[in-house]
Every structure is written in C-alpha cells, then in structure tokens.
Amino acid sequence: EVQLVESGGGLVQPGRSMKLSCAASGFTFSDYYMAWVRQAPKKGLEWVASISYEGSSTYYGDSVKGRFTISRDNAKSTLYLQMNSLRSEDTATYYCARDNYVMDAWGQGASVTVSS
Amino acid sequence: DIQMTQSPASLSASLEEIVTITCKASQGIDDYLSWYQQKPGKSPQLLIYDATSLADGVPSRFSGSRSGTQFSLKISRPQVDDSGIYYCLQSCSTPNTFGAGTKLELK
C-alpha cells in the first residue's frame, strides 16, 4: 500500500523558516517524481513544487520561487520542503504527492500557520 | 502560465441527474488533465487521468472527456457519497495549475 506521511508543520513567525518532511512507503521512491501541493484555509489547491527522480531537476510555483526548496533523500525514501522567509499567505495545509504527471497518491497533509 | 477555468463553482444535483463539471485551458495541454475529488478534512483523491482514463478503484459512473481545450468530468446517477469539491489539474507544463474547484451537493 502506498503511504505518504508528512511531518514538521506547526506555528511559525513571519520571516522565519520551517522544514517539512514526507516519508514514503509502499513503492520504489526513486522511480517517481514527487511534489508538494498546498491548500490555504477554505481555499483551493495550489501546486508548490516538484522534483525529479534523483533530485537533479526542481520546479517551483511563482509564489514560492526563491524562498522554498524541494529536495529528496532516496536512501531514506523521504521528500523535503525547506520554507524560508515565511509569510502569512503561506499559511496552509501542505500535501506531499506522488507526481506521475498526475498526483496519484497524497499524504494526509501538514498544517503550517504563519503568524506572530 | 496556463490558466484553468473551471465551472460551475458550485452545484446542487439530485441522485437521478447527470452531473457535468468543465475545465477550459487557456492553451493546448494535450491530454495532460486530471480530476480529483476532495471531501471535507481529507486529502484529494485521483479520479481521472489523461483526460479520459479512470483511476484504479474509481466507480464507472465517473467519466472524463475532452473537446479541444475543454475538458469535462461527468458523474452519471451520482451517489450521496459523491458530495465534495472537485478539481481539475493541468500537468502539461509547469507551473502545474489547478482549477478553482466545484462544490457538489447531492440532494
């Protein structure tokens, strides 16, 4: 069974940093692109970033480019999202997803609240 | 960036109806279009991929179609459990973009 489990969310002050993790199991992690998708409270889905199989290529949405970094550790089957210079508008539930040109598996989400 | 215009924003349907939700892409995206269902407090679930292919385990009352840059999700004789918010996603080019969502209520 494919499982994606996010961790690392919580409350953080504006301008500070936070790192999310996503532990994958049930599939060969290195065979898939991976992605982060977020959802602000009561809002729709927003693609944040994707990363290639070995991590050599990364792609970002305009709203996070230059502030967020997606990375992966295939030996640990873990995906990461380093979020710097956080803003109130980054408040959202962050989902880890398997990116197979479709998001065919999703985690349960990690809640990030940016507030002073 | 490719814009996905999804409609309607919400709809209420009976269990006897055929429900149709559409997404129009601002430019050609071939068949790189997928549909997701999200229930309150839950993560999205894949329904349709490659515009018309049914994801594993998804009931056959769900179907997808394409006409040029317009894509449709159809639910034939929906069930009460089909209530939720539906999103389309284009993955033809980055940034990947979602439609704004359609809230479906079954009555």
Side-chain angles (χ1 to χ4, degrees), chain A residues 1-7 9 20 22-24 26-27 32-52 57-68 70 79 92-112, chain B residues 1-10 21 23 25-26 29-58 62 64 66 71 73 84-104:
Chain A
E1 179 192 6
V2 172
Q3 281 202 312
L4 298 169
V5 180
E6 300 94 338
S7 60
L20 301 180
C22 170
F27 64 101
Y32 291 87
Y33 274 50
M34 296 296 295
W36 290 97
V37 175
R38 70 182 180 182
Q39 186 169 37
K42 305 295 185 184
K43 299 295 185 182
L45 301 170
E46 180 188 11
W47 171 79
V48 173
S50 290
I51 187 167
S52 61
S57 297
T58 56
Y59 311 86
Y60 297 94
D62 291 341
S63 61
V64 307
K65 200 173 297 183
R67 300 188 300 123
F68 289 13
I70 187 172
L79 177 71
T93 297
Y94 285 74
Y95 295 102
C96 163
R98 191 170 72 175
D99 185 352
N100 200 18
Y101 271 104
V102 298
M103 307 298 173
D104 65 358
W106 297 68
Q108 84 287 352
S111 179
V112 173
Chain B
D1 297 1
I2 297 174
Q3 310 302 318
M4 300 302 297
T5 303
Q6 185 171 343
S7 62
S10 65
I21 299 168
C23 270
S26 59
I29 59 169
D30 293 328
D31 284 339
Y32 292 102
L33 190 285
S34 47
W35 291 96
Y36 303 83
Q37 178 195 62
Q38 187 178 32
K39 298 187 178 182
K42 301 293 187 182
S43 55
Q45 299 296 311
L46 175 66
L47 297 174
I48 301 285
Y49 64 96
D50 294 348
T52 61
S53 298
L54 199 65
D56 289 345
V58 176
F62 291 91
R66 170 194 172 190
F71 299 82
L73 172 69
I85 302 177
Y86 291 80
Y87 297 93
C88 63
L89 167 68
Q90 74 79 18
S91 51
C92 179
S93 64
T94 56
N96 296 345
T97 42
F98 287 91
T102 296
K103 185 174 183 179
L104 173 63

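Not measured: the values here are computed from a predicted model. Residue numbering restarts at 1 for every chain, and letters A, B, ... go by the order of the sequence lines.
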Suppose we count any N or O donor within 3.5 Å of an acceptor, strictly below that value; which pairs fall between chain A and chain B?
unit_1   : atom_1 : unit_2  : atom_2 : d
A:Gln39  : OE1    : B:Gln38 : NE2    : 2.9
A:Gln39  : NE2    : B:Gln38 : OE1    : 2.9
A:Gln39  : NE2    : B:Tyr87 : OH     : 3.3
A:Tyr95  : OH     : B:Gln38 : NE2    : 3.4
A:Tyr101 : O      : B:Ser91 : OG     : 2.4
A:Met103 : N      : B:Tyr36 : OH     : 2.8
A:Gly107 : O      : B:Ser43 : OG     : 3.3

**Request:** Mind checking the CG-CG spacing from B:Leu89 to A:Leu45? Nearest 0.5 Å is all I need.
**Result:** 8.5 Å
**Message:** Give me the atom names and distance for the closest heavy-atom approach of A:Cys96 to A:Leu79.
**Reply:** SG-CD2, 3.8 Å
**Message:** Could you tell me if the side chain of B:Leu33 sits less than 4.5 Å from the side chain of B:Cys88, heavy atoms only?
**Reply:** yes
**Message:** Can you give me the closest heavy-atom contact between B:Ile85 and B:Gly101, atom names plus distance?
**Reply:** CG2-CA, 4.2 Å
**Message:** I need the A:Met34 CE to A:Ile70 CD1 distance, nearest 0.5 Å.
**Reply:** 8.0 Å
**Message:** Please give me the minimum heavy-atom distance between B:Ile48 and B:Ala51, naming the atom from each residue.
**Reply:** CG2-O, 3.4 Å
**Item:** Engaged part of A:Val37 at the chain B interface, taking heavy atoms whose separation is under 4.5 Å
**Value:** side chain
